[in-house]
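Working notes, structure below.
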Amino acid sequence: MALAPYAAQDAKTRGRVHAEPPAAPRGEFQRDRDRIVHSTAFRRLEYKTQVFVNHEGDLFRTRLTHSLEVAQIGRTIARLLQLSEELVEAVSLAHDLGHTPFGHAGQDALNECMKDHGGFEHNLQSLRVVDKLEERYAEFDGLNLCFETREGILKHCSPVHARGLGEVGERFLKGRQPSLEAQVANLADEIAYNNHDVDDGLRSGLISIEQLEEVALFARHLKEARSRYPALNGRRLVNETVRRMINTLVLDLVHTSAAHIKAAGVQSLEEVRKAGPLVAFSTEIRDEQLQLKQFLRRNLYRHYKVLRMTKKAERIIADLFDAFFQEPRLLPSDHHDKAETDRARTIADYVAGMTDRYAVREHRRLFAIEEAAL
Ligand code: MG
């Protein structure tokens with residue numbers, strides 16, 4: 001299918017930091033997508049928490065299945081808007097590569113540990129993973145991705161950090177937008193997590209269908225599913241509701257964004273960058289999503305059972321960081337050289353790269369004194 005004139009195009013990429021011969025027969029963004037899928041950080045996503053810690057159950061989302069759902073939703077939207085599916089997919093699959101173990105609790109704890117050393121932000125870390133930390137190529141560090149992919153990965157960024165990032169940070173200083181593909185991946189992330197957290201929340205038993213009926217978006221689609229299938233209940237009823245919610249959100253986003261794009265009259269990616277944000281939900285749907293988000297924050301993310309895990313995770317991350325910071329020789333030896341030049345950042349990279357279970361194991365190896373752990 002032909003791309004719209006305002007789509008990101010392989011042939012017009014701003015290129016890679018290290019020049020490479022064309023990827024033909026693959027396109028440039030397809031090559032980026034492939035590099036991301038083959039990366040070590042991508043495989044680690046399987047054992048990193050989205051909301052529920054990996055060992056709490058086999059059917060909850062992990063960062064990996066979350067990222068796959070973001071990519072799937074993002075591609076659907078991209079296709080309908082005639083944007084580059086490959087670029088949306090690449091950005092979606094990479095957007096969480098920098099997440100610490102234990103989800104947001106881990107990131108907040110690591111940020112606290114790093115407060116005198118430049119802080120820690122998972123979004124910046126995702127860019128750092130693809131720019132610097134992956135070790136796969138003979139001639140450069142990182143994955144050497146196209147500018148457009150890196151731009152999409154860097155969703156938000158403070159001016160202080162933006163100044164240190166060169167070209168990819170410029171838009172945060174100039175108030176410019178990223179490609180429509182990046183904007184799509186960003187909102188596909190929101191659609192994915194709001195819906196799968198409803199699903200996982202119900203599956204876990206921490207929230208109930210009755211509670212969710214106070215959320216307009218859910219109630220509306222539940223009613224639809226019930227009137228279509230009056231005898232339906234349990235998982236199938238949940239699934240029939242959630243899939244309708246996703247559909248509504250995707251179609252609303254496509255229609256609203258198409259109208260914005262048309263009204264702005266953008267004819268190229270450069271014009272997209274200079275326009276305001278064009279990919280958006282309608283006001284009604286945005287408000288409904290907000291209500292759902294607030295519900296999830298109140299009832300799921302702050303549920304006492306989730307908070308217990310959150311607190312434990314914070315302690316594990318803080319303990320690991322402190323132990324390594326006091327004594328960098330406790331780090332595996334391949335980190336020693338780097339730790340000599342930048343101790344805090346090297347430790348943050350190491351800790352952020354851990355999977356949930358690796359962090360738990362490493363904590364036990366450093367702190368447990370029972371014989372079995374030695
Ligand atoms: Mg995400």
Side-chain angles (χ1 to χ4, degrees), residues 32-33 36-37 39 41-54 56 60-78 85 87-111 120-130 145 149-157 178-201 242 245-246 249-250 253 277 279-281 286 289-290 292-297 300-301 306 309-310 313 352-356:
D32 281 4
R33 190 268 322 271
I36 291 159
V37 170
S39 70
F42 186 73
R43 285 194 295 283
R44 287 180 176 151
L45 295 176
E46 184 173 3
Y47 298 102
K48 289 193 177 201
T49 294
Q50 182 65 26
V51 172
F52 295 92
V53 177
N54 187 269
E56 292 182 295
F60 295 124
R61 268 66 174 191
T62 64
R63 285 260 161 226
L64 180 64
T65 57
H66 160 69
S67 301
L68 295 173
E69 289 184 27
V70 175
Q72 175 268 316
I73 290 169
R75 285 183 56 184
T76 301
I77 298 167
E85 274 184 64
L87 179 56
V88 171
E89 190 179 16
V91 172
S92 301
L93 293 177
H95 85 284
D96 271 349
L97 289 178
H99 247 294
T100 61
F102 313 117
H104 283 277
Q107 113 106 35
D108 293 347
L110 196 51
N111 187 33
F120 180 88
E121 212 277 302
H122 71 84
N123 193 226
L124 275 174
Q125 189 72 5
S126 295
L127 186 66
R128 189 168 159 79
V129 166
V130 300
L145 303 180
T149 309
R150 298 170 60 235
E151 166 192 61
I153 293 172
L154 192 64
K155 250 195 291 203
H156 35 73
C157 180
S179 68
L180 293 169
E181 285 80 359
Q183 297 180 41
V184 165
N186 187 10
L187 290 178
D189 185 23
E190 213 175 295
I191 297 177
Y193 69 67
N194 278 327
N195 284 284
H196 66 48
D197 289 354
V198 165
D199 187 36
D200 281 354
V242 170
M245 280 166 48
I246 295 177
L249 295 170
V250 166
L253 189 76
V279 178
F281 296 104
R286 197 195 56 207
Q289 275 231 101
L290 193 64
L292 171 59
K293 262 190 204 177
Q294 285 163 345
F295 172 91
L296 288 170
R297 195 173 311 135
L300 182 62
Y301 310 144
V306 174
M309 195 56 229
T310 303
M354 293 178 182
T355 59
D356 295 352

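Position 1 is the first residue of the sequence; numbering continues from there. Counting starts at 1 for both ligands and their atoms, in listed order. Hydrogens, waters and symmetry mates play no part in the numbers below; they use all other heavy atoms, side chains included.
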With no hydrogens and no angle check, do the side chains of D189 and H66 hold a donor and an acceptor under 3.5 Å apart?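 Distance-only check passes for D189 and H66.
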To the nearest 0.5 Å, what is the distance between CG on L110 and NE2 on H99?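 Atom-to-atom, L110:CG and H99:NE2 are 12.0 Å apart.
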What's the atom name of the N, O or S in [X] nearest to the Mg ion (ligand 1)?
X    : result
H66  : NE2
D189 : OD1
D96  : OD2

From H95, does some N, O or S atom reach closer than 2.8 Å to the Mg ion (ligand 1)?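 H95 does place an N, O or S atom closer than 2.8 Å to the Mg ion (ligand 1).
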Expected output: side-chain S126 to main-chain H95 donor-acceptor under 3.5 Å: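 Yes; at least one donor-acceptor contact below 3.5 Å.
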Can you tell me if Q183 uses its side chain to pair, donor with acceptor, with the backbone of P178 under 3.5 Å?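 Yes: the side chain of Q183 pairs with the backbone of P178.
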